[in-house]
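Here the structure comes first, spelled out in structure tokens, and everything after it is commentary.
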Amino acid sequence: MEFTNLGLQSALANTCKSLGYTEPTPIQKQAIPAVLNGADIIAIAQTGTGKTAAFLLPILHNLFEKKLRGTTALVLAPTRELALQTEAAFRDLSAKKFRCVTLIGGASYRRQEDAINKGVSLIVATPGRLMDFMQRNAIDFSKLDTLVLDEADRMLDMGFLPSIKRIIAALPQNRQTLLFSATMSPEIEKIARTTMRNPKVLEVSRPGKTAATIEQFAYPVATQSKTVLLLDLLERERFSRVLVFTRTRREAERLSHILEARDHTVNRIHANRSQAQRQVALLNFKSGKTRILVATDIASRGIDVDSISHVINYNVPDAPEDYVHRIGRTGRAGNTGRAITLVTSDEESNLRAIEKMTGQSVERILLPNFGGKLQPVNVATKFLGGNLGGNKTSRPATRSFRPRR
Ligand code: AMP
């Protein structure tokens, strides 16, 4: 299947090829023809599925073909990082033929205003900063014909619903609305009912499914031994790039200092870091200058870095969806990845809720000396006496059993 088969003009199809997109991803196959047909869509697609190009390509096709003037498209995104990545994707896909501005907090207001005044085809924005601009009447949306709500579920989780409602109320009604979300929920359905016209629901994988290219393991551990276990795992595993998730900003700070003291190249992103600091952290992680990035959930949204070999959950997330989002950062674009979760006895119930939602069991690996305990209902458990070596076949599993559920 070629990009031109989806109805896209050949120049865009060629740009895709030059970016190494050999064929459309499943969500692109479904979404692009529907959007070109003028339909409103609700696309249930996680990050890593090629969802950004799924909405940017038809927007660009219309810009090229219809020679539209003014600001014709608006993308709302939950975080600054995701907004910046969408802008970068637009720059690549448009071959810089159309202008785009990103309106996000933590960056110069004046520069963003200047860019708007020069004229932009696409605005990518987080809801808070966009509201600031709209309150000052600084943007002309009269030509707008496409609105994209990207990672809508996360925008709602972050409390953006009131802003989103006010923004939508100020946009032309005669427009196309494209909603992307990793999960479907009653709140999403409500937004769809009130702001969209007969939306087509597209789904590429069941919500809550984890990719088959990700191997998942959990290491039972005592709370006080988590840090030493993390250091030990980093010695054992052959990793290229590791994303470590922590629950709190303070934990992210603490871990990254400890890792640095052990001569790891490491950086961190969380809500207390400035926009510039986050960008440097991401760039260095992307380029390979730092091999470990410690992140909290919110700050990590939209991290688009290929070849992350390992995601390590320093704690088990409370919400199963967060687990799916976290581990979805590895095993992308056909690469395999390993997702490792440190689990204390108190966190076992959270891990079981995750297994229930994803329909996949996570193999428990018990290493001696870290105070971990096997829980009786673990699905597949291995007891390891020796060195892991980072390679499945080399693991000296001394005991393996599969107790009844
Ligand atoms: P996204 O789901 O938008 O975060 O995209 C994940 C990654 O897939 C990005 O690095 C894109 O550049 C890449 N990508 C998007 N479409 C394709 C495609 N058709 N073939 C290969 N890679 C793609």
Side-chain angles (χ1 to χ4, degrees), residues 1-10 12-33 35-36 41-61 73 75-95 100 102 122 124 148-155 178-183 202-205 207 209-211 213-214 241 243 282-283 285-288 295 299-309 311 324-337:
M1 159 89 71
E2 299 274 332
F3 279 93
T4 43
N5 298 132
L6 304 177
L8 289 173
Q9 57 146 230
S10 52
L12 269 179
N14 289 338
T15 309
C16 290
K17 275 213 186 98
S18 71
L19 293 173
Y21 301 179
T22 43
E23 67 164 328
T25 64
I27 190 63
Q28 290 163 1
K29 282 181 196 164
Q30 291 191 49
I32 293 170
V35 178
L36 290 177
I41 61 163
I42 298 177
I44 306 299
Q46 292 160 25
T47 167
T49 54
K51 67 180 173 65
T52 314
F55 60 77
L56 287 180
L57 285 168
I59 287 173
L60 276 163
H61 174 94
V75 177
L76 285 180
T79 62
R80 302 164 183 188
E81 283 77 15
L82 183 64
L84 287 171
Q85 276 160 24
T86 304
E87 183 192 16
F90 182 81
R91 239 184 289 125
D92 290 343
L93 290 169
S94 69
C100 167
T102 303
L122 173 74
V124 186
V148 180
L149 300 170
D150 194 10
E151 301 199 355
D153 50 348
R154 184 51 66 143
M155 287 200 281
L178 320 176
L179 184 151
F180 286 75
S181 177
T183 52
L202 315 174
E203 194 171 340
V204 282
S205 60
K209 266 271 169 225
T210 53
T213 47
I214 307 171
R241 277 196 193 92
L243 188 53
L282 269 182
L283 275 177
F285 191 51
K286 256 188 188 172
S287 72
S300 76
R301 289 294 295 190
I303 292 179
D304 179 18
V305 180
D306 286 336
S307 38
I308 292 178
S309 60
V311 167
V324 176
H325 279 302
R326 285 179 175 193
I327 76 166
R329 309 287 151 183
T330 183
R332 296 174 77 161
N335 297 324
T336 53

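We count ligands from 1, going down the list as the structure has it; atoms in each ligand are counted the same way. Remember, predicted model here, so these are calculated numbers, not experimental data.
- Looking only at distances, a side-chain donor or acceptor of Ser309 sits under 3.5 Å from a matching main-chain atom of Arg241.
- When heavy-atom distances to ligand 1 are checked against a 4.0 Å cut-off, Gln28 comes that close only through its side chain, counted from C-beta outward.
- Every atom of ligand 1 is numbered from 1 in the order shown, and the set under 4.0 Å from a heavy atom of Phe3 is 19 (N).
- Close approach of ligand 1 to Thr49 is summarised as follows: ligand atoms under 4.0 Å from at least one heavy atom of the residue are 2 (O).
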Next item on the list: Take Phe3 and Leu57 through the side-chain contact (heavy atoms from CB on, under 4.5 Å) test and state the conclusion after the steps.
Entry: CA-CA 10 Å; Phe3 279 93; Leu57 285 168; 3.9 Å; yes

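- A donor-acceptor pair is defined here as one N or O able to donate and one able to accept, closer than 3.5 Å; no such pair exists between the side chain of Thr52 and the backbone of Thr86.
- Residue-ligand proximity, Thr25 to ligand 1, at heavy-atom distances under 4.0 Å covers atoms 17 (C), 18 (C), 19 (N).
- Of all the atoms in ligand 1, the ones that sit under 4.0 Å from a non-hydrogen atom of Gly50 are 1 (P), 2 (O), 3 (O), 5 (O), 15 (C).
- In this structure, the side chains of Pro24 and Ile32 stay at 4.5 Å or more apart for every pair of heavy atoms.
- Looking only at side-chain heavy atoms (C-beta outward), Lys29 and Glu23 come within less than 4.5 Å of each other.
- Atoms of ligand 1 lying under 4.0 Å from at least one heavy atom of Glu23, given by number and element, are 18 (C), 19 (N), 20 (N).
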